[in-house]
Amino acid sequence: MSLPPLWNRDCLTWRIPLFTNNTDPGEDPGFAPPESWAQALAAVAQDLRCLRFGPEVVVDRLIWEFSINSDYNVTIGWQGARNIGGFSHFDAMPMEDAMPMDDAISMDTAFADAAVWVADIVQTKLAGYDFVQWPSRGRHLLVPRRRDGEPVWMDPHGDVTVGRIGELCKNATNYAAT
């Protein structure tokens with residue numbers, strides 16, 4: 001599932017393999033995406049390797065699709081592969097009394113906010129389309145949040161920080177199966 005043209009606007013799109021062992025080299029418009037977004041996508045990809053509960057999904061062949069439109073707003077997604085569906089997400093749902101696009105997320109977003117946003121979108125898409133609880137040990141989900149300026153995974157049942165986004169796998173043993 002490739003990202004759709006956003007309302008016939010010009011956009012730059014990068015195709016970035018989630019993992020370095022992917023044989024697809026990806027694509028880019030001739031230069032790197034904004035560093036905060038590249039780091040956020042890499043951090044969430046790293047965390048996708050652990051604490052998945054539900055149907056087995058293979059994430060190694062997934063390819064991020066990251067776009068910036070002419071208003072400098074971001075769309076993320078990935079192409080589906082084997083047993084996992086694709087998606088694209090552009091956060092532009094108008095808020096009450098707001099002009100459309102007022103809550104779109106900018107290409108200038110800092111790493112912490114970008115990482116939390118990407119983690120939240122991926123978590124929602126996996127649960128909604130592929131019935132995969134992530135990150136979870138089977139009872140409840142950890143939630144992505146900012147704490148003290150850092151992007152972290154929180155256990156909402158006790159307000160406990162489990163680990164930084166991008167470091168979930170090395171902190172997974174700190175997360176009791178509750």
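Starting from 1, each residue takes its place in the sequence as its number.
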Quiz item: Taking the side chain as C-beta and beyond, is there a heavy-atom pair between Leu126 and Leu48 under 4.5 Å?
Solution: yes
Quiz item: Can you find a heavy atom in the side chain of Ile68 that is under 4.5 Å from one in the side chain of Pro34?
Solution: yes
Quiz item: CG/Leu142 to CE/Met154 distance, rounded to the nearest 0.5 angstrom?
Solution: 9.5 Å
Quiz prompt | Check: Thr109 and Trp37 side chains under 4.5 Å, non-hydrogen atoms | solution = yes
Practice problem: Please answer whether the main-chain N or O of Glu150 pairs with a side-chain N or O of Asp148 as donor and acceptor at a distance below 3.5 Å. | Solution: no
Quiz item: Would you say Leu141 and Gln123 make side-chain contact, with heavy atoms under 4.5 Å?
Solution: yes
Practice problem: Would you mind reporting whether Val122 and Trp64 have side-chain heavy atoms less than 4.5 Å apart? | Solution: yes
Practice problem: Identify the heavy atoms of Arg147 and Asp159 that sit nearest to each other, and give their distance. | Solution: NH2-OD2, 2.8 Å
Quiz item: Is a side-chain donor or acceptor of Asn69 paired with a backbone partner of Asn73 at a separation under 3.5 angstrom?
Solution: yes
Exercise. List the atom of Gly149, the atom of Ala112, and the distance in Å for their closest heavy-atom pair.
Key: O-CB, 3.5 Å
Exercise. Could you please spell out the steps behind the side-chain hydrogen bond (donor to acceptor under 3.5 Å, both in side chains) verdict for Trp134 and Asp47?
Key: CA-CA 9 Å; Trp134 170 81; Asp47 287 353; over 6 Å; no
Quiz item: So if you build clusters from Ile, Leu, Val, Met, Phe, Trp, Tyr with side-chain heavy-atom gaps below 4.5 Å, do Val160 and Leu168 land together?
Solution: no
Quiz item: What heavy-atom pair brings Ala43 and Ile165 nearest, and what distance separates the two atoms?
Solution: CB-O, 3.9 Å
Self-check item: Considering all heavy atoms, the nearest Pro151-Ala115 contact
Solution: CB-CB, 3.8 Å
Quiz item: Are Arg52 and Gln133 side-chain neighbours, meaning at least one heavy-atom pair lies under 4.5 Å?
Solution: no
Exercise. May I ask you to check whether Phe66 and Trp78 place their ring centers less than 6.0 Å from one another?
Key: no
Quiz item: Same cluster for Phe111 and Val118 if Ile/Leu/Val/Met/Phe/Trp/Tyr side chains link at under 4.5 Å?
Solution: no
Exercise. Report the C-alpha separation of Thr13 and Ser67 in whole Å, then their side-chain angles, then the decisive distance to 0.1 Å, and conclude whether the side-chain hydrogen bond (donor to acceptor under 3.5 Å, both in side chains) test is met.
Key: CA-CA 4 Å; Thr13 300; Ser67 291; 2.5 Å; yes
Quiz item: So, does Thr161 use its side chain to make a donor-acceptor pair with the main chain of Gly163 at under 3.5 Å?
Solution: no
Quiz item: Any ion pair linking Asp120 and Arg145 (charged N to carboxylate O, less than 4.0 Å)?
Solution: no
Quiz item: How far apart are the closest heavy atoms of Trp14 and Ala32, and which atoms are they?
Solution: NE1-C, 3.6 Å
